[in-house]
Amino acid sequence: MRRPFRSGPPPAVPAPAPGNLPAELNRFVGRDDELAALTRQLGESRLVTVVGVGGVGKTRLALKAVEALKKRYCDGIWLAELSALRDPELLEHALVEALGLTDHSGRPTRQVLTGRLATRQLLLVIDGFEQLVDACAVMVRELLRRAPELRVLAVGRRPLRVDGELVFSLAPMTETDAVRLFAERAAAVSPGPPVPSADARSAAVQELCRRLDGIPLALELAAGRLHVLSVEQILDRVGDRFRVLTDGRRGAPPRHQTLRTAIGWSHELCTPAERLLWARLSVFAGPFDLEAAEYVCGGPELPDEEVLDVLAELISQSLVVREETPAGTRYRMLDTVRAYGAEWLEALEDTERMRRRHRDWYMGLATWYELDWFSPRQAEVAAGTESALPNLRAALELCLESPEEAHLGQHLAGTLWFYWAGCGRLTEGRHWLGRALALDTPYDESRLKALWVLGYVAVLQGDSTAAMGALHECREEAARTGNAPARAYAVHRLGCQALLTDDMPRAERLLRSALDMYRDLGELNSNVLMAQVELAMTLVFQGDLEAAVALCEEVREICEDSGERWTRAYALYVLAYAAWTRDAHAEARALVAESITIHHGFNDLVGLVLAVELMALVTASEGDHAEAAVLQGAASRLWESVGPPLFGSGFFGAPRALCERRANEALGTERYAAYEDEGLGLSTSAAVARALAERRPAAAVPHQQPEASRPARKTRKPAGSPTVRGGEAAG
């Protein structure tokens with residue numbers, strides 16, 4: 001629990017409220033009265049749910065309303081988009097992800113949510129929850145009960161029906177706003193001079209807006225046709241003869257029928273190739289790139305080389321949205337449009353085949369990403385995997401639906417080890433690995449890989465029992481079946497487990513044995529380099545800094561040649577520690593700063609918190625004890641997301657203990673606590689910025705080696721000497 005702020009220096013000026021809202025809302029037009037009413041209701045209730053027919057503009061109105069409220073919530077406004085989610089078990093993971101509450105601890109995800117939100121003052125926007133309404137209602141009820149400062153804005157087609165919920169029913173646009181929207185979209189989609197008939201004063205435009213019931217999506221679909229049709233021609237085609245496209249659902253609300261009519265009318269005007277691509281694209285659960293569309297949707301009826309041109313036509317008709325993302329250009333369908341396409345795909349009796357093509361593409365993508373992780377493309381791989389996550393989830397779901405294909409799910413979940421471990425996704429990775437391994441399958445390569453990856457994830461979460469169970473099982477079955485790579489990875493991660501539990505002699509034996517196995521196999525990748533860094537850590541903790549530095553310098557050289565950055569960050573951590581022991585504070589600061597930057601970029605909180613604590617020690621050694629205390633507090637908050645502080649390790653905890661002792665002696669207990677509280681209030685990004693800030697060092701303090709890591713012996717085996725074989729070390 002955070003201590004109240006004590007006497008001493010005032011806290012730093014808080015950073016701007018965090019959040020993950022879209023940067024622009026340039027598709028919002030009109031609705032001033034509704035906007036004012038919704039904003040007012042958000043101030044009156046802890047839970048407001050905006051409901052209305054699909055395509056009526058619920059999300060746009062909600063985001064525009066909260067945009068004006070950013071200053072009201074000191075912990076920000078956060079958007080959780082749930083429309084692509086189908087598994088209620090993933091709801092908690094999706095909320096953790098949306099709220100930026102990366103957690104490595106292994107605690108139940110709901111406990112993480114309720115614990116981290118208990119003292120936060122923020123607004124959570126939940127969009128597209130209809131298919132998970134029961135699970136969402138239970139979750140929102142519990143979050144509101146346990147987090148008194150939390151406010152929730154839900155956006156969907158039906159209420160949550162939670163006590164205290166205030167329902168805001170969004171009607172279609174007024175005729176004035178509808179005409180404005182249509183005219184604006186007409187100007188955007190029609191090249192060259194304005195279309196005369198699209199003028200807002202046109203009687204045809206006004207009639208069209210009335211006929212389409214003022215539903216924004218329907219209006220945009222109509223405007224998307226202006227490059228080939230006049231408004232009068234469009235109006236002629238929105239006649240009663242298209243009402244048959246309601247698919248006989250006469251009991252549906254009129255607005256739903258209108259929207260279905262508009263979408264069906266767009267479908268009717270599409271060419272056969274456009275209709276086919278529309279149906280096939282519905283298999284994507286989230287954003288996709290051109291290569292994915294070409295592979296999944298191409299075929300004899302729609303050659304790969306024609307997909308781009310057909311896709312461009314769907315974009316011009318507002319049926320597909322093109323977006324620029326950190327992963328590059330991506331495309332997506334609005335949920336309503338996607339659902340309509342899925343119905344046609346089902347009518348074509350092609351859904352299962354397309355789901356398998358989709359699954360095969362994303363399994364291949366994950367395989368290529370695993371290979372490219374050990375390359376200069378690491379950052380691109382991280383961004384690409386993040387963008388593909390909804391589709392990877394859909395692929396995993398398909399694999400795990402049938403026991404006959406469970407091995408594919410095990411392979412895919414194991415292949416994504418780099419994402420689970422390297423990009424802050426340990427909890428979700430454990431979810432998929434656990435589900436895949438719960439299915440009874442032979443001990444083939446896929447199952448063994450999933451076992452060692454599960455063990456690795458559990459190690460990083462501090463769950464020794466689960467880690468040891470999975471890794472011993474993997475090692476024994478790999479030895480029995482002759483799977484040398486799986487055996488090497490299992491021995492490696494057993495060594496990592498020993499390292500984190502302070503059994504340095506055993507950790508050294510296992511890690512040396514694993515490195516021998518990797519050499520025999522000809523393996524060289526991020527895992528192999530990580531084993532070498534972890535061996536260096538065992539040497540540091542046993543007092544042989546010279547050998548540890550030699551190992552990490554070799555890793556750094558290989559990383560520079562290969563472009564690998566993730567493992568490099570851990571090697572830099574060890575090298576920074578070695579520099580600190582020599583009182584080379586400037587060198588240590590530069591090394592650990594680079595480590596922090598890399599870890600933060602990959603969202604690897606395990607590496608980040610260790611590096612921030614080392615930066616605190618370096619800062620204290622430079623004489624700035626106040627700033628060191630701030631960084632100690634920031635690290636304490638990061639540990640909330642990682643797990644047991646310092647993994648319960650005396651060796652990993654020694655730098656922190658030394659820093660705390662020095663800063664306490666220099667500042668006094670009260671002032672130290674005040675500065676530490678300041679650090680506790682920093683977000684992850686603010687903590688990183690604070691750690692990386694340039695500062696003029698005060699009088700340097702000669703280092704005192706942390707008690708737990710003082711040399712246990714003076715002579716060590718050189719880095720390149722033969723490693724231990726036989727017995728436990730050899731597996």
Side-chain angles (χ1 to χ4, degrees), residues 1-18 74-76 100-105 115-116 118-122 573 576 580 585 588-589 592-593 595-597 599-600 603-646 652-698 701 706:
M1 181 180 296
R2 287 186 57 189
R3 297 185 295 272
F5 189 77
R6 295 177 171 83
S7 59
V13 176
C74 62
D75 290 307
L101 303 178
T102 306
D103 187 80
H104 290 351
S105 66
R116 298 290 294 281
T119 59
R120 304 286 177 90
Q121 184 180 6
L122 59 81
Y573 168 80
W580 170 80
H585 298 149
R589 174 174 291 279
V592 77
S595 178
I596 288 172
T597 300
H599 284 309
H600 184 49
N603 198 31
D604 183 351
L605 294 191
V606 174
L608 178 62
V609 68
L610 293 174
V612 169
E613 289 197 327
L614 182 54
M615 182 65 88
L617 178 58
V618 171
T619 302
S621 299
E622 291 174 335
D624 192 346
H625 297 97
E627 189 64 20
V630 172
L631 294 178
Q632 292 270 80
S636 294
R637 178 163 178 172
L638 287 172
W639 277 115
E640 294 177 9
S641 298
V642 174
L646 307 154
F652 280 102
R656 177 183 181 87
L658 175 59
C659 179
E660 183 174 359
R661 184 168 66 251
R662 284 185 174 181
N664 255 309
E665 291 173 354
L667 299 170
T669 303
E670 290 297 314
R671 293 185 66 212
Y672 175 85
Y675 281 113
E676 186 181 34
D677 278 345
E678 182 182 340
L680 281 166
L682 297 177
S683 66
T684 299
S685 294
V688 168
R690 194 71 175 255
L692 298 179
E694 293 186 10
R695 59 179 59 87
R696 182 174 299 173
V701 180

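What you see is a predicted model, and the numbers here were worked out from it, not measured in a lab.
Considering OH of Tyr675 and CG of Leu680, their distance stands at 15.0 Å, rounded to 0.5 Å. Annotation: the span from Met615 atom CE to Leu610 atom CG amounts to 13.5 Å, rounded to 0.5 Å. Atom CG of Leu667 is separated from atom CZ of Arg662 by 13.0 Å, given to the nearest 0.5 angstrom. We find the CD-CZ distance between Glu622 and Arg589 to be 4.0 Å, quoted to the nearest 0.5 Å.
Among all heavy-atom pairs drawn from Leu122 and Gly76, the shortest one is CB-O, 3.2 Å. Summarising the geometry of Val609 relative to Ala635, their closest heavy-atom pair is CG2-O, 3.5 Å, with the distance given to 0.1 Å. Ala628 and Cys659 make their closest contact through CB-SG, 4.0 Å (heavy atoms, listed as atom of the first residue, atom of the second, distance). Closest approach of Ala616 to Leu631, counting heavy atoms only: CB-CB, 3.7 Å. Taking each heavy atom of Asp75 and Thr119 in turn, the nearest pair found is OD2-O, 4.4 Å. Nearest approach of Ile596 to Ala611, heavy atoms of both residues: CG1-CB, 3.5 Å.
His585 has its side chain within reach of Ser621: a pair of non-hydrogen atoms, C-beta onward, lies under 4.5 Å apart.
In the model, Arg637 has no side-chain atom that pairs as donor or acceptor with a side-chain atom of Thr684 under 3.5 Å.
For the side chain to side chain contact (heavy atoms under 4.5 Å, CB included) test, residues two or more places apart in sequence or in another chain that qualify with Ala666 are His625.
At distances below 3.5 Å, at least one donor-acceptor pair connects side-chain atoms of Gln632 with backbone N or O atoms of Arg656.
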